[in-house]
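The structure under discussion appears below in the form of structure tokens.
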Amino acid sequence: PEEHWPRGIAVNGIVMVEGEKMSKSKGNFVTLKEAIESYGADAVRCTLMIAAEDMDDPDWRFEACRDMREKLNQVFKLISSIASMPNSNSKGLLESWLLSRLQRRIKAVTEALEQLKNRTALEVALFEVWNDIRWYLRRVQTPSREALLEVAKTWVRLLAPFAPFMCEELWSILGEEGFVSKAPWPSYDESKLDYFAEACESLVQQVMEDLREIMRVTKITPSTAHIYVASKWKWEVYLKALQASSPREAVRAAHQTARALQVKDAKIVQRIAEEASSVGGDQREIRVKAGALDEYQALSSAKDFLEREFKFKVNIWREDGEVYDPKGRRFNAIPYRPAIYLE
């Protein structure tokens, strides 16, 4: 008779079974050879690597291996499609964003591998680079083959330690000679970071999240969204607070700057300080080095994209300009968090 064997792990070359029916004649395990014959070497290798880190034993799940095989198939199709794209060498803000994000992925994968953090390295190399490319393709109407080829060739090298068989095939499809396993490892190039491009995309993504949240809470399906970007003085306050060393210092810097600008709205100044102090990690560095954004220009350039995504009209307004604002929402705008009115 067949049975469901309990959750298992990979130990000493044996892959224990979880959730798969196996006959008693086989016992409650399959060998790595059998797993590879069923799912492929790259999928098994990646499943085991992503299942644990440091001294933990990796949990083996057939479902996870099937999902990994599907993900690797998607990567193969995506990179193959990039290789066969028509020529387009356009270079704009979105291409700069994509190449800037690529540098961050190179750095993260390299550092993780140097620290023997194989799961972390694979998660970044596989999923985060994938997400960057998919976002770029979602944003642009005419993708740049030149930029995508640069990303694809780097991506294949980042993935090669984890999925070597697939990557050797992709290396050839991309027109490269020799073996990817002998190709130079991608090197992090800080000069290719574009803080301004990354800050602009962060703004677009934040506005999308805010729109969805407002629609969810209000249960409104609008015909038009009015987006109001913060005035110049709010950016001065925000950047001073952003550079502070602690939340307390952020509040102090914000109020000092507001007083110097003769701003008396303490409530909005406090909100700006709290928003600035909540930013951490790479985002803090990006926003500090990007400086004050022209949010009106950044969102106006993304207007068509926002309308495609949400299927309604989008209007962008400056808080301190001529504006349609029947509910007085524009005064709530702060940097990176424009005010929104749906109708």
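Values below: every heavy atom of this structure, side chains too, minus hydrogens, waters and symmetry copies.
- Within the structure, the ring-ring contact (aromatic ring centres under 6.0 Å, His included) test picks out no pair touching residues 143-168 (sequence neighbours left out).
- At distances below 3.5 Å, not a single donor-acceptor pair connects side-chain atoms of Gln270 with backbone N or O atoms of Val251.
- Contact check on Glu201 versus Arg139 returns a salt bridge, with a Lys/Arg side-chain nitrogen under 4.0 Å from an Asp/Glu carboxylate oxygen.
- With no hydrogens or angles considered, no side-chain donor-acceptor pair links Gln205 and Glu209 at under 3.5 Å.
- By the neighbour-count criterion of 12 heavy atoms within 6.0 Å, atom CZ of Arg248 is sparsely surrounded, having that number or fewer from other residues, nucleotides or ligands.
- A salt bridge between Arg138 and Glu309 is present, with a side-chain N of the basic residue lying under 4.0 Å from a carboxylate O of the acidic one.
- Considering only heavy atoms from C-beta on, Phe179 stays 4.5 Å or farther from Pro164 through its side chain.
- Side-chain N or O atoms of Arg69 include none that pairs as donor or acceptor with a backbone N or O of Val44 at under 3.5 Å.
- When every heavy atom of Ala41 is checked against every heavy atom of Ile36, the shortest pair comes out as N-CG2, 3.7 Å.
- For the side chain to side chain contact (heavy atoms under 4.5 Å, CB included) with Leu203, the lone residue among Glu198, Arg337, Glu295, Met208 that qualifies is Glu295.
- Under the 4.5 Å side-chain heavy-atom criterion for grouping Ile, Leu, Val, Met, Phe, Trp and Tyr, Leu137 is connected to Leu149 within one hydrophobic cluster.
- Rounding to the nearest 0.5 angstrom, the gap separating the NZ atom in Lys313 from the OG atom in Ser223 is 10.0 Å.
- Aromatic ring centres of Trp235 and Tyr296 lie farther apart than the 6.0 Å criterion allows.
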Does Cys200 form a side chain to side chain contact (heavy atoms under 4.5 Å, CB included) with Leu93? I'd like the steps, not just the answer. CA-CA 9 Å; Cys200 286; Leu93 197 64; 4.0 Å; yes

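- Going from atom CG of Leu148 over to atom CE of Met85 covers 5.0 Å, rounded to the nearest 0.5 Å.
- By the rule that hydrophobic residues join a cluster once side-chain heavy atoms approach within less than 4.5 Å of another member, Phe127 and Leu48 end up as members of separate clusters.
- Side chains of Gln74 and Trp130: a donor-acceptor N/O pair is absent below 3.5 angstrom, by distance only.
- For the 3.5 Å distance criterion, the side chains of Ser144 and Glu95 fail to qualify, holding no donor opposite an acceptor.
- Note: the hydrophobic cluster containing Ile286 also contains Leu99 (ILVMFWY, side chain heavy atoms under 4.5 Å, direct or indirect links).
- Across Ala339 and Arg329, no two heavy atoms sit closer than the pair CB-O, 3.0 Å.
- For Arg134, the CZ atom counts as loosely surrounded, since its 6.0 Å shell holds 12 or fewer non-hydrogen atoms of other residues, nucleotides or ligands.
- Between the OG atom in Ser187 and the CD atom in Gln103 there is a gap of 7.5 Å [rounded to 0.5 Å].
- A donor-acceptor contact shorter than 3.5 Å is absent between the side chain of Arg145 and the backbone of Pro86.
- Rounded to the nearest 0.5 angstrom, Asp132 CG and Leu102 CG are separated by 8.0 Å.
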Give the C-alpha distance, both sets of side-chain angles, the deciding distance and a yes or no for side chain to side chain contact (heavy atoms under 4.5 Å, CB included) between Arg271 and Asn332. CA-CA 10 Å; Arg271 184 166 160 245; Asn332 295 323; 4.2 Å; yes

Please lay out, stage by stage, how Val269 and Trp233 fare under the test side chain to side chain contact (heavy atoms under 4.5 Å, CB included). CA-CA 10 Å; Val269 171; Trp233 74 262; 4.1 Å; yes

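- Between the Asp42 side chain and the Met166 main chain, a donor and an acceptor come within less than 3.5 Å of each other.
- Side chain of Lys234 to main chain of Ile272: no donor-acceptor pair is present (N/O by atom type, distance under 3.5 Å, no hydrogens or angles).
- The shortest distance between side-chain heavy atoms of Asn315 and Ile227 does not fall below 4.5 Å.
- Considering every non-hydrogen atom in both Ala51 and Arg119, the closest pair reads O-NH1, 3.9 Å.
- Rounded to the nearest 0.5 Å, atoms CG (Leu126) and CZ (Arg105) are 12.5 Å apart.
- Interatomic distance, Lys107 NZ to Glu111 CD, rounded to the nearest 0.5 Å: 5.5 Å.
- When the shell of 6.0 Å around NZ of Lys303 is examined, it contains more than 12 heavy atoms from other residues, nucleotides or ligands.
- Side-chain contact between Phe305 and Val140 is absent, with no heavy-atom pair separated by less than 4.5 Å.
- Pro186 and Ile106 make their closest contact through O-CG2, 3.6 Å (heavy atoms, listed as atom of the first residue, atom of the second, distance).
- The shortest side-chain heavy-atom distance between Val204 and Leu299 falls under the 4.5 Å cut-off.
- Looking at Asp294 and Arg318, a side-chain N of the basic residue comes within less than 4.0 Å of a carboxylate O on the acidic one, giving a salt bridge.
- With hydrogens and angles disregarded, a donor-acceptor distance shorter than 3.5 Å links the side chain of Ser278 to the backbone of Glu275.
- For Lys71, the NZ atom is densely surrounded, since the number of other residues' heavy atoms within 6.0 Å is greater than 12.
- When the side chains of ILVMFWY residues are joined at heavy-atom separations under 4.5 Å, either directly or via intervening members, Val237 and Leu242 end up in a single hydrophobic cluster.
- The heavy-atom pair separating Arg157 from Ala183 by the smallest distance is CD-CB, 4.1 Å.
- The hydrophobic cluster containing Tyr39 does not contain Val75, counting ILVMFWY residues as joined when their side-chain heavy atoms lie under 4.5 angstrom apart, directly or transitively.
- Under a 4.5 Å side-chain heavy-atom cut-off, the cluster of Ile, Leu, Val, Met, Phe, Trp and Tyr residues that includes Val323 is completed by Tyr228, Trp317, Tyr324, Tyr341.
- Residue pairs meeting the side chain to side chain donor-acceptor pair (under 3.5 Å) criterion with at least one member in residues 236-247, sequence neighbours excluded, are Tyr238-Arg287.
- With respect to the salt-bridge test (charged N to carboxylate O, under 4.0 angstrom), the residues Glu150 and Lys192 qualify.
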Start with the C-alpha gap between Arg101 and Trp135, add the side-chain angles, then the distance that decides, and say whether side chain to side chain contact (heavy atoms under 4.5 Å, CB included) holds. CA-CA 11 Å; Arg101 298 306 293 172; Trp135 174 258; over 6 Å; no

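- Panel note: side chain Ser100, backbone Asp194; a donor-acceptor pair is recorded below 3.5 Å.
- When every heavy atom of Ala43 is checked against every heavy atom of Met68, the shortest pair comes out as O-CG, 3.7 Å.
- The main-chain N or O of Ala244 is never found under 3.5 Å from a side-chain atom of Glu249 such that the two would form a donor-acceptor pair.
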